Every structure is written in C-alpha cells, then in structure tokens.
Number of protein chains: 2
Amino acid sequence: MKNHIKALRQQRELTQQALAKLLGVSRQTVISIESGRFDPSLPLAFKLARVLDAPIEAIFDAEEG
Amino acid sequence: MKNHIKALRQQRELTQQALAKLLGVSRQTVISIESGRFDPSLPLAFKLARVLDAPIEAIFDAEEG
DNA sequence: TGCTGAAGTAAAGTTTGCTTTACATTATGC
DNA sequence: GCATAATGTAAAGCAAACTTTACTTCAGCA
C-alpha cells in the first residue's frame, strides 16, 4: 500500500526520528512504512493522520491488489 | 479501537459470512474485528470502507490510548 | 422433533507489524 | 582528518493480525 508520508513529513520539517517520537514508535518503523516494507497498523495510521494533520485517505493510496 | 462494523453490516443486511467473502477474509476475522478482539490491518480497513461505503474515520473511533 | 443458518468461543499455527541492535552512506562543520 | 546528524539496510526476536478447524448456542421452520 503506497503512501505519501515522506513528502508530508518533509513538508512539516520533521526528521524520521522526530516523527517516530511523535508516533511513539521506533525510527525503523517509520523507515519501513515510508519505504513500503509494510503497512502500519490501523491505530498507527490514525496517529499518522493526527500528527501529519491529514485524513487517512489522503496519506495512503487505496489502490487494489 | 472501537468500530461500528456490526451496525453498518446489519444496515446493509449482510451476514458475517457474506461480509467476510466480500472482504476476502475468514468469518473468524470479521467476528474478531467486530467484537474488538483485534484491529484490522490498514488494507483491510480500506476494504471495509469500500464495502460498507463509509470513510474509515466514520467506521472506527480514533479515541486515544 | 430434527435440520439449517447465523452468531459466538477457543486453540494451534502462519504471516506481518514492530523493536532492538548493529553497521553503511552522505552531508555539514570543527 | 574527525565528529555528528540524517537516512538507509539487515537480522533476530516478540507481538499482533489472520487462517483453519472444531465445537456451542439460539432462532426459524418443515
């Protein structure tokens, strides 16, 4: 599932480390989600939406598999 | 994470079995998510939003932990 | 009565999300 | 040159999502 976290994070001038801290996860988790290694859990997706100030549907591409 | 899947499913007159088939998961998964045993993955949450014709934020309560 | 559909619980097992640790690369600045 | 910050990869291990199977309960109906 593709996402625009990297772009949104950079717009907010947040490092991966800073975003990880805001989300309460490790830096590896941020890297892995940004690079598409895996999808975040639903609670984490909601936190991302709150931290990045964007609706979930705007952060993730709902394209089908 | 609380959700309104059961109510939305019943409004659409879908059985758990029918919803599971539409989502491409097992009936157990539908039961477990409806009853709050665990949260769906993000891809599954998107499928739920599509099948139930409601935005993710309307299906799940984003209350903080 | 007994059958069938819908909803529910439980347990074992696989897959995926997440953590922790360690190491590599690139850029900035002393 | 050396240190530090930011990004990235990889691997081992734990936790949560999901599957499969099996069993239970309740309602409706012939």
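Within every chain, numbering begins at 1; the chains are lettered A, B, ... in the order of the sequence lines, protein sequences first and strands thereafter. In this text, all values refer to a predicted model and were calculated from it rather than measured experimentally.
- Two residues are said to be in side-chain contact when any heavy atoms from C-beta on lie closer than 4.5 Å; B:Lys21 and B:Arg27 fail this criterion.
- For the pair B:Ile5/B:Glu34, a side-chain contact is recorded, criterion being any heavy-atom separation below 4.5 Å from C-beta on.
- The CZ atom of B:Arg12 sits 11.5 Å away from the CD atom of B:Gln10 when rounded to the nearest 0.5 Å.
- With rounding to whole Å, A:Ile31 atom CD1 is found 12 Å from D:dA10 atom P.
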Protein proximity profile, nucleotides 11-17 of chain D - base contact B, sugar-phosphate-only contact S, no contact -, cut-off 4.0 Å on heavy atoms: ------S
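- The shortest heavy-atom contact between A:Thr15 and A:Ala18 is OG1-N, 3.0 Å.
- Shown are B:Asp61, B:Ile33, B:Leu48; of these, the side chain to side chain contact (heavy atoms under 4.5 Å, CB included) with B:Asn3 is made only by B:Ile33.
- Side-chain contact, B:Ser26 with B:Thr29: a donor N or O sits under 3.5 Å from an acceptor N or O.
- Between A:Asp39 and B:Ser41 there is no side-chain heavy-atom pair separated by less than 4.5 Å.
- Pairing each heavy atom of B:Ala49 with each of B:Ile59, the nearest pair is CA-CD1, 3.6 Å.
- Contact detail for B:Leu52 and B:Leu19: the closest heavy-atom pair is CD2-CD1, 4.5 Å.
- Proximity of residues 8-23 of chain B to DNA chain C (heavy atom under 4.0 angstrom from any strand atom) is restricted to B:Arg9, B:Thr15, B:Gln16.
- A 4.0 Å heavy-atom criterion places the boundary nucleotides of DNA chain C facing chain B at C:dA6 to C:dA10, written 5' to 3'.
- You'll find the side chain of B:Phe46 reaches within 4.5 Å of the side chain of A:Met1, heavy atoms only.
- D:dA6 atom P lies 10 Å from atom CZ of A:Arg27, rounded to whole Å.
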